[in-house]
Amino acid sequence: MAVTTEAVQAALKELIDPNTQKDYVSTRSVRNIRIDGADLSLDIELGYPARTQLDDIRRAVITKLRSLPGAGNVSVNVTVKIVAHTVQRGLKPLPGVKNIIAIASGKGGVGKSTTAVNLALALAQEGASVGLLDADIYGPSQPQMLGLAGQKPESQDGTSMAPLQAHGLQAMSIGFMIDIDSPMVWRGPMVTQALEQLLKQTNWQDVDYLVVDMPPGTGDTQLTLAQKVPVTGAVIVTTPQDIALIDARKGLKMFEKVGIPILGLVENMSIHICTKCGHEEYIFGQGGGEQMCRDYDTEFLGALPLELSIRELTDSGRPTVVGAPESRAAEIYRTIARRLAVKVAERARDMSARFPSIVVQNT
């Protein structure tokens with residue numbers, strides 16, 4: 001029995017992508033089906049980075065296609081193509097940046113910056129080109145977390161800056177330009193102007209995802225981001241207890257009001273794991289983040305444990321994903337990062353670059 005294109009597609013409709021939870025045909029990932037007698041080959045093009053899973057996906061597809069009656073040699077090439085996606089109406093993606101992801105929280109102290117840096121590192125570990133912008137002007141922490149404290153960006157032309165590099169990330173922060181002990185005694189307009197300059201005067205180099213570590217709250221910085229910065233989507237970070245969830249709900253509603261889609265929610269400090277005996281305890285409550293997601297019809301991206309090692313590694317400038325890549329927490333960060341990238345990939349693509357600029361002139 002000869003293998004047909006229809007049989008190949010039917011087989012791939014039965015195979016579920018572990019990250020999208022959809023089949024490869026419905027997600028339009030199947031490319032270039034070629035049949036030569038009994039031999040067949042094809043490409044699987046993913047819209048999200050998944051370097052650590054490419055071999056597993058390739059083997060799963062090959063195994064499935066070899067089960068077809070009459071199938072001979074099977075060759076499968078799995079690639080990744082990350083593109084720019086739509087942003088707020090009236091804005092276009094920044095030069096050198098395909099997608100901007102805001103990591104936000106309604107209140108401080110929920111581990112937002114730790115989550116942001118580890119998700120950025122996880123995306124890079126999965127093969128994406130990633131930038132990290134520390135937008136917390138009053139309390140920049142990313143220089144310390146990335147092991148870049150005391151370093152300063154360089155400018156070749158006097159008007160723009162080159163991002164610093166750490167663990168495969170491009171990074172920019174107001175913390176690179178001020179003394180660590182200097183308080184930022186700035187009013188709102190100065191803060192928003194600084195944010196715009198950090199974002200737009202940094203020479204980001206072909207970034208697939210720019211992760212923005214937002215300050216806590218729903219003030220001037222968040223409004224500036226919503227009105228002037230082309231954001232693909234936002235992630236809300238919270239802890240399980242009711243006090244944190246009250247503010248997290250406010251943050252979520254703010255993004256909805258300004259037209260920025262919510263990509264999902266991350267519950268930090270979900271469970272405490274004792275370093276001596278391994279006992280697990282829900283010291284901040286249980287299920288709060290999942291309930292909030294049900295209430296607002298958004299996705300629960302994942303839950304992270306409260307572990308001493310996460311704090312120690314981040315303080316040392318080597319966050320968990322690079323400092324302990326084989327740990328349970330690092331794998332959770334990578335799982336959340338892949339799911340986050342899938343949520344971005346499911347957004348409509350930005351087509352602004354495909355249309356010519358039309359200028360009307362009086363002659």
> After noting the C-alpha distance and the side-chain angles of D213 and Q142, does the key distance pass the side chain to side chain donor-acceptor pair (under 3.5 Å) rule?
Replying inline: CA-CA 9 Å; D213 180 11; Q142 294 302 345; 2.9 Å; yes
> N203 and S160: side chain to side chain donor-acceptor pair (under 3.5 Å), yes or no, with the steps?
Replying inline: CA-CA 7 Å; N203 293 324; S160 60; 3.2 Å; yes
>> The test is side chain to side chain contact (heavy atoms under 4.5 Å, CB included); show your working for I82 and Y48 and say whether it passes.
In response: CA-CA 6 Å; I82 301 170; Y48 61 90; 6.0 Å; no
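Proximity of a side-chain donor or acceptor of D17 to a complementary backbone N or O of N19 within less than 3.5 Å is detected. For the pair E45 (side chain) and V30 (backbone), a donor-acceptor distance under 3.5 Å is absent. At distances below 3.5 Å, at least one donor-acceptor pair connects side-chain atoms of S327 with backbone N or O atoms of A324. Although no hydrogens or angles enter the test, the distance criterion places a donor-acceptor pair under 3.5 Å between the side chain of N268 and the main chain of V110.
Note on L263: it clusters hydrophobically with F255, by side-chain heavy-atom contacts below 4.5 Å among ILVMFWY residues. Hydrophobic clustering (ILVMFWY, side-chain heavy atoms < 4.5 Å, transitive): V322 and L313 are in distinct clusters. Note on L245 and I271: separate hydrophobic clusters, where clusters join Ile, Leu, Val, Met, Phe, Trp and Tyr whose side-chain heavy atoms are under 4.5 Å apart, directly or indirectly. Y282 and M269 are members of different hydrophobic clusters when ILVMFWY side chains are connected at heavy-atom separations under 4.5 Å. Tracing side-chain contacts under 4.5 Å through hydrophobic residues (I, L, V, M, F, W, Y), one never reaches Y209 starting from V87; they form parts of separate clusters.
Within a 6.0 Å radius of CD1 in I243, other residues, nucleotides and ligands contribute 12 heavy atoms or fewer. Other residues, nucleotides and ligands contribute over 12 non-hydrogen atoms within 6.0 Å of the CG atom of D157. Heavy-atom contacts from other residues, nucleotides or ligands closer than 6.0 Å to NZ of K81 number 12 or fewer.
Each salt bridge (charged side-chain N to carboxylate O under 4.0 Å, His left out) pair with one or both residues in residues 337-348, not counting sequence neighbours, appears once here: K22-E346, E126-R338, E299-R339, E299-K343, E331-R338.
Considering only heavy atoms from C-beta on, L133 stays 4.5 Å or farther from I100 through its side chain. Contact check for K228 versus L199: no side-chain heavy atoms found under the 4.5 Å cut-off. Side chains of V130 and L210 form no contact here, defined as non-hydrogen atoms less than 4.5 Å apart.
Applying the salt bridge (charged side-chain N to carboxylate O under 4.0 Å, His left out) test to D208 and every residue at least two apart in sequence or in another chain returns K98.
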Enumerate, atom names and distances included, each donor-acceptor pair closer than 3.5 Å involving a side-chain atom of residues 163-171, sequence neighbours excluded.
from, atom 1, to, atom 2, distance (Å)
H167, NE2, G317, O, 2.9
Q170, OE1, Q205, N, 2.9
Q170, NE2, Q205, O, 3.0

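In the model, S141 has no side-chain atom that pairs as donor or acceptor with a side-chain atom of Q144 under 3.5 Å. Defined by atom type and a distance below 3.5 Å, a donor-acceptor pair is present between the side-chain atoms of R334 and Q125.
A salt bridge links D295 with R249: the closest approach of a Lys/Arg side-chain nitrogen to an acidic carboxylate oxygen falls below 4.0 angstrom. Salt-bridge check for D56 with R59: passed, with a basic side-chain N closer than 4.0 Å to an acidic carboxylate O.
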